[in-house]
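One structure is given below, encoded as structure tokens.
Convention: sequence-line order gives letters A, B, ...; per-chain numbering from 1. For the numbers below, each heavy atom of this structure counts, side chains included, while hydrogens, waters and symmetry mates do not.
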2 protein chains.
Amino acid sequence: MNTAQGARARARIEVTAAIKDEARRQLAAEGAAKLSLRAVARELGMVSSALYRYFPSRDELLTALIIDAYDSLGESAERAHEAAAGAEPLDRWVTVCEAVRGWSLDHPHEYALIYGSPVPGYTAPQTTVPPAARVGLLLIGVVRDAHHTPGGLRTLPPLPEELRPEADRIAADLAPDLPPEAVTALVAAWSQLYGLVGFELFGQFNRVVEARAPFFRHAVRQLGWGVGLR
Amino acid sequence: MNTAQGARARARIEVTAAIKDEARRQLAAEGAAKLSLRAVARELGMVSSALYRYFPSRDELLTALIIDAYDSLGESAERAHEAAAGAEPLDRWVTVCEAVRGWSLDHPHEYALIYGSPVPGYTAPQTTVPPAARVGLLLIGVVRDAHHTPGGLRTLPPLPEELRPEADRIAADLAPDLPPEAVTALVAAWSQLYGLVGFELFGQFNRVVEARAPFFRHAVRQLGWGVGLR
DNA sequence: CACGAAACGAGAGCACTGCTCTCTCAACTC
DNA sequence: GAGTTGAGAGAGCAGTGCTCTCGTTTCGTG
């Protein structure tokens with residue numbers, strides 16, 4: 001049904017893609033704040049106003065790039081996970097984390113776009129939620145696999161009283177089959193993973209950590225251990 | 001010697017402060033990207049070009065704000081630490097972390113300025129390093145105190161072979177009196193703290209974590225436990 | 001004290017930005 | 001084939017960072 005679309009519709013798809021490609025190029029080269037609609041249009045041989053036929057505003061273009069970035073990151077992580085299919089859960093956990101780190105080092109500006117400060121004045125629409133969840137779901141999957149495997153998860157220390165209801169709620173939302181202690185630890189570890197990546201990427205580790213890959217590997221292994229993997 | 005400075009010099013100090021204050025106001029209101037030199041000048045009743053007598057560029061203004069932000073955060077954390085002087089190390093650790101979170105929630109745009117994506121194309125000069133280190137030094141201090149206290153630190157799991165030299169180097173740089181396992185865990189925990197804060201601040205926890213304070217408290221307590229505190 | 005240097009503020013101007021509006025022309029629909 | 005819709009061009013608006021020039025004020029020094 002798509003193949004014999006009108007010439008108009010096909011052109012629209014192509015131009016839209018070309019705009020995103022060029023925008024991504026500029027994003028990679030200069031960062032989000034220097035992404036200029038006019039420059040994109042110029043590079044594509046069009047005039048800036050024509051671009052508004054495809055994206056109603058600069059923010060909408062950025063949203064499109066954000067979604068693509070989440071998907072690109074998610075796909076990287078999922079591929080790495082599949083490639084490690086046979087391994088121990090803890091090793092798969094480390095593999096996924098390293099894929100996140102690798103993608104981030106390869107796409108620093110796109111990382112900044114999705115996990116750095118949200119572009120000021122800009123709040124991401126709901127559309128971005130599912131792609132954004134991919135890495136998280138992957139990590140949940142690793143822990144769930146471990147849980148349903150002989151040996152299972154370590155027993156984690158009990159949650160403090162004040163956190164029990166919240167932990168039950170989070171667990172019910174994300175992974176009802178896992179113990180609340182593990183799900184809570186998982187959410188924390190998920191965010192902490194991005195602390196590690198962000199600090200490396202944004203220079204906070206400069207003159208502090210030199211051998212970044214081994215450091216990262218060790219840190220995320222500890223993180224995995226902390227959610228109950230062995 | 002400062003009191004009888006020339007009228008010119010005193011005026012310069014005042015105007016410089018006024019510029020920073022107004023810039024901070026705009027930063028808090030709108031975020032870094034919408035901080036406009038012209039708007040600052042306008043608000044102060046000067047013309048934009050006059051502002052360049054005080055800051056050679058917008059980036060330099062931002063740098064000044066970054067340093068102030070680091071200092072403001074550091075001071076918050078230090079004050080909280082002092083207020084908890086008598087407590088157990090682990091409790092002091094949690095207190096410092098909560099002070100970081102509190103300051104960040106109160107100053108989201110300043111947090112974004114220093115720990116979010118670096119303003120694109122911009123790399124912070126060396127001047128920012130000492131203020132940026134304050135929170136880190138505080139955390140090191142807590143762990144060091146614990147180490148030199150009866151009971152001391154937990155014995156941490158041994159480091160992997162590949163990380164030993166790096167861990168020794170980091171420990172020698174930051175805290176030669178602490179075991180390398182602890183210093184390595186400390187650096188990781190330091191970055192992970194900002195993962196937790198950043199995710200809360202930038203909306204990644206929306207519709208996932210609701211009771212943020214208890215969640216955070218628990219997570220950083222685990223973090224402290226992970227560096228050897230008990 | 002007076003004079004020249006330095007600091008300061010104002011204003012005009014440049015090149016750039018996101019975005020809007022109007023106009024024309026080609027493609028599609030009925 | 002006529003009418004509707006979508007695409008691109010161009011001009012224009014308000015805003016940005018930054019530079020340059022030009023009087024004025026202040027200051028250190030001869």
Side-chain angles (χ1 to χ4, degrees), chain A residues 1-20 22-23 25-27 29-66 113 118-123, chain B residues 1-20 22-23 25-27 29-66 113 118-123:
Chain A
M1 58 276 250
N2 263 338
T3 139
Q5 210 71 281
R8 194 106 115 187
R10 221 170 322 137
R12 181 163 237 287
I13 291 171
E14 275 171 32
V15 175
T16 306
I19 292 172
K20 285 209 294 189
E22 177 57 31
R25 274 201 46 249
Q26 292 195 17
L27 180 66
E30 298 272 16
K34 296 209 172 163
L35 194 173
S36 145
L37 284 188
R38 294 181 105 110
V40 169
R42 210 178 300 136
E43 210 66 28
L44 262 46
M46 17 184 2
V47 87
S48 75
S49 59
L51 219 144
Y52 284 81
R53 302 276 177 198
Y54 299 88
F55 295 92
S57 76
R58 185 177 174 279
D59 278 358
E60 292 286 333
L61 215 198
L62 276 180
T63 301
L65 294 182
I66 286 176
L113 194 60
V119 177
Y122 168 84
T123 48
Chain B
M1 58 274 249
N2 261 338
T3 139
Q5 208 71 283
R8 191 102 123 189
R10 218 167 326 136
R12 178 163 242 284
I13 291 172
E14 273 171 33
V15 175
T16 305
I19 292 171
K20 284 209 293 189
E22 177 57 31
R25 273 201 46 248
Q26 292 195 18
L27 179 66
E30 298 273 16
K34 296 209 172 161
L35 195 174
S36 144
L37 284 188
R38 293 181 107 112
V40 170
R42 211 179 300 134
E43 210 67 26
L44 261 48
M46 13 181 11
V47 87
S48 76
S49 59
L51 221 144
Y52 285 81
R53 302 277 177 198
Y54 300 88
F55 295 93
S57 76
R58 186 176 173 281
D59 278 359
E60 293 284 336
L61 215 197
L62 277 179
T63 301
L65 295 182
I66 286 176
L113 194 60
V119 178
Y122 168 84
T123 48

Heteroatom pairs (N/O) under 3.5 angstrom, protein to nucleotides 22-27 of chain C:
from	atom 1	to	atom 2	distance (Å)
C:dA27	O4'	A:Arg8	NH1	2.9

Quiz item: Among pairs that include at least one residue of residues 11-20 of chain B, which meet salt bridge (charged side-chain N to carboxylate O under 4.0 Å, His left out), considering only residues two or more places apart or in two chains?
Solution: B:Lys20-B:Asp68

Practice problem: Any chance you could measure A:Glu60, atom CD, to A:Ile66, atom CD1, to the nearest 0.5 Å? | Solution: 10.5 Å

Exercise. Taking all heavy atoms of A:Ala32 and all of A:Leu113, pick out the closest pair and write down the distance.
Key: CB-CD1, 3.7 Å

Quiz item: Counting any heavy atom closer than 4.0 Å, what does B:Tyr54 reach on the DNA or RNA strands: base, sugar-phosphate only, or nothing?
Solution: sugar-phosphate

Self-check item: C:dG9 OP1/OP2 closer than 4.0 Å to side-chain N/O of B:Tyr52
Solution: no

Quiz item: If you check the A:Arg58 side chain, which of C:dG18, C:dC21, C:dG11 turns out closest?
Solution: C:dG18

Exercise. Please work out if A:Leu35 contacts a base, only the sugar-phosphate, or nothing of the nucleic acid, heavy-atom cut-off 4.0 Å.
Key: sugar-phosphate

Nucleotide N/O to protein N/O under 3.5 Å, stretch nucleotides 13-16 of chain C:
from	atom 1	to	atom 2	distance (Å)
C:dG13	O6	B:Arg38	NH2	3.4

Exercise. Quick one: list whatever passes salt bridge (Lys or Arg N to Asp or Glu O under 4.0 Å) with A:Arg25, sequence neighbours left out.
Key: A:Glu22

Self-check item: Residue closer to the 5' end of DNA chain C, A:Pro56 versus A:Ala39 (nearest nucleotide)
Solution: A:Ala39

Quiz item: For B:Ile13 and C:dA7, what is the distance between atoms CD1 and P respectively, to the nearest whole Å?
Solution: 15 Å

Exercise. Would you kindly give the CG-to-P distance between A:Asp59 and C:dG18, to the nearest whole Å?
Key: 11 Å

Quiz item: Atom CD1 of B:Ile19 to atom P of C:dC8: distance rounded to whole Å?
Solution: 10 Å

Quiz prompt | By side-chain contact (heavy atoms from CB on, under 4.5 Å) - contacts of A:Ala17 (at least two apart) | solution = none

Practice problem: Under 4.0 Å from any heavy atom of chain B: name the first and the last nucleotide of DNA chain D that qualifies, 5' to 3'. | Solution: D:dT16 to D:dC27

Practice problem: Could you tell me which non-hydrogen atom of A:Ala23 sits nearest to which non-hydrogen atom of A:Val40, and how far apart they are? | Solution: CA-CG2, 4.0 Å

Exercise. Round to the nearest Å and state the distance from B:Met46 atom CE to C:dA7 atom P.
Key: 16 Å

Throw together a table of side-chain donor-acceptor distances under 3.5 angstrom for residues 44-56 of chain A, partners on residues two or more places apart or in other chains.
none

Self-check item: Residue whose nearest DNA chain D nucleotide is more 5′ - A:Gly45 or B:Ser57
Solution: A:Gly45

Quiz item: Between atom CZ in B:Arg10 and atom C1' in C:dA7, what is the gap in whole Å?
Solution: 16 Å

Quiz item: Residues two or more places apart in sequence or in another chain: which of them pass salt bridge (Lys or Arg N to Asp or Glu O under 4.0 Å) with B:Arg38?
Solution: none

Self-check item: Interatomic distance, B:Lys34 NZ vs C:dT17 C1' [rounded to whole Å]
Solution: 14 Å

Practice problem: Please report, rounded to the nearest Å, how far the P atom of C:dT17 is from the CD atom of A:Glu43. | Solution: 12 Å

